[in-house]
Amino acid sequence: MKNLISMRDIGKEDILKLITLANKIEQKEIKVDMSGKLAALLFFEPSTRTHFSFETAVKKLGGNTFSMSGTSSTSVKKGETLADTLMTISMYADIIVIRHVLEGAARFTAETVAVPVINAGDGTNQHPTQAMLDLYSIQKTQGTLENLTIGMVGDLRLGRTVHSLAQALSDFNPKFYFASPRHLQMPAYIKDDLKEKNIEFTELEDIKEVIHELDIMYVTRIQKERFAVLEDYEKVKDSYIITKKLLEGVKKNFKVLHPLPRVNEITTEVDNTRYAYYFQQARNGVFMRQAIISELLNLKNI
Ligand code: CP
């Protein structure tokens, strides 16, 4: 692995290797040394978890960061191109983490600079480090990634996390239920990938019908910021509200995951049930991001 841009670029072997490494880091079985190295954290789009967990991951490895949140204090405001900005940053940093509103921006970065690049989310396309921490969370809660029944709920068209996760899980023989409003269904190219791999999936509008079959319910936000017309968002914004009552009778091993942030799609009463795992999921992101940085920079254990 030189870069991590899309889950399409890595296979089952890489996934399992990263999960094993993340687990060893979490269990303190190994200590990875990033001292003397700098990570540039370039967030052209807002972020809480991805930005701060990368910052935490780098600092826990003994490395350092410099970062941006938006372009307001950079020379992008003076008209500097993305390519020139990236080239300049790559003269200072050993690794670049980039989140950008444009699909393909992370791939463009990897093609522009010589240092390793991590995609921290590019538009509606991919969020591979989120998928990796999701897989780590699924492995930890289910004891396996194989043969699980996974429900994905919410904005499956514009939500990049579900694109990456569906592709990532496709190596592990899942059964998928995709619950979304009709206009926010999983994109055709993801479904085509799944068909090619003979992965069973069903599209529906109401997750209630199948919730008792699920091992994992992966809930996502309807993303207001990605709608061109506010009225269209208003029509679908309350399509899914997961309540404690809805979870009555689910399987014992059932967990609710969510990449966060949430708005109103999971009520806070769910937080105190044994099924809620989304904050632990965010914590798992630190270990997984440490593992990913370690692999891309080929860091030594101490
Ligand atoms: N899950 C996720 O990407 O969250 P942030 O947008 O806060 O980074």
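Under the 30°/60° scheme for interplanar angles, the aromatic rings of F43 and H51 are found to lie parallel.
Of the candidates D9, N119, N125, D9 is the only one forming a side-chain hydrogen bond (donor to acceptor under 3.5 Å, both in side chains) with R107.
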Take D215 and K251, measure what salt bridge (charged side-chain N to carboxylate O under 4.0 Å, His left out) needs, and give me the verdict at the end.
CA-CA 7 Å; D215 299 303; K251 285 167 77 171; 2.8 Å; yes
Determine, stepwise, if the pair T149 / E213 fulfils side-chain hydrogen bond (donor to acceptor under 3.5 Å, both in side chains).
CA-CA 7 Å; T149 302; E213 277 186 52; 5.3 Å; no
Take E103 and R226 through the salt bridge (charged side-chain N to carboxylate O under 4.0 Å, His left out) test and state the conclusion after the steps.
CA-CA 12 Å; E103 291 82 12; R226 306 222 188 267; 5.9 Å; no
Could you please spell out the steps behind the side-chain hydrogen bond (donor to acceptor under 3.5 Å, both in side chains) verdict for E26 and Y136?
CA-CA 11 Å; E26 180 175 6; Y136 186 40; 2.5 Å; yes
Would you check, one step at a time, whether the test side-chain hydrogen bond (donor to acceptor under 3.5 Å, both in side chains) holds for S170 with K197?
CA-CA 7 Å; S170 68; K197 290 185 167 180; 3.0 Å; yes
Run the ring-ring contact (aromatic ring centres under 6.0 Å, His included) check on Y233 and F227 step by step: do they pass?
CA-CA 6 Å; Y233 166 73; F227 281 76; 5.6 Å; yes
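Between L135 and L169, the shortest heavy-atom distance links the atoms CD2-CD2, 3.6 Å. When all heavy atoms of T220 and V162 are compared, the pair lying nearest together is CG2-CG1, 3.6 Å. T273 approaches K244 most closely through the heavy-atom pair CG2-CG, 3.8 Å. Nearest heavy atom pair, residue P261 against residue E265, reads O-OE2, 3.9 Å. Taking every heavy atom of both residues into account, G285 and L133 meet most closely at CA-CD2, 3.6 Å. The two residues K77 and T71 come nearest to each other via the heavy atoms CG-O, 3.4 Å.
Atom CZ in F287 sits 15.0 Å away from atom CE in M132 (nearest 0.5 Å). Put simply, CD on Q142 and CG on N147 are 12.0 Å apart, with the number rounded to the nearest 0.5 Å.
In this structure, R289 is positioned above the aromatic face of F54, its NZ or CZ under 6.0 Å from the six-membered ring centre and within 45° of the axis.
A side-chain donor from one of T50 and R99 sits under 3.5 Å from a side-chain acceptor of the other. Side-chain atoms of S164 and Q126 include a donor-acceptor pair closer than 3.5 Å.
One finds a salt bridge joining R182 and E205 here, because a Lys/Arg side-chain nitrogen approaches an Asp/Glu carboxylate oxygen to under 4.0 Å.
The number of heavy-atom neighbours closer than 6.0 Å to NZ of K140, taken from other residues, nucleotides and ligands shown, is above 12. Shown here is E13, whose CD atom has no more than 12 heavy atoms of other residues, nucleotides or ligands within 6.0 Å.
Membership of the apolar cluster around Y240 extends to V153, Y177, L204, I207, V210, I211, L214, M217, V219, I242, L246, L247, V250, F254, V256, L260, I266, V270, Y275, Y278, F279, as traced through chained side-chain contacts below 4.5 Å between ILVMFWY residues.
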For residues 86-98, run the donor-acceptor check on the side chains, cut-off 3.5 Å, and write out each pair with its distance to 0.1 Å, sequence neighbours left out.
| unit_1 | atom_1 | unit_2 | atom_2 | d |
| --- | --- | --- | --- | --- |
| T88 | OG1 | D84 | O | 2.7 |
| S90 | OG | M87 | O | 2.7 |
| D94 | OD2 | L38 | N | 2.7 |

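Applying the side chain to side chain donor-acceptor pair (under 3.5 Å) rule to pairs touching residues 290-302 yields K17-E295, sequence neighbours excluded.
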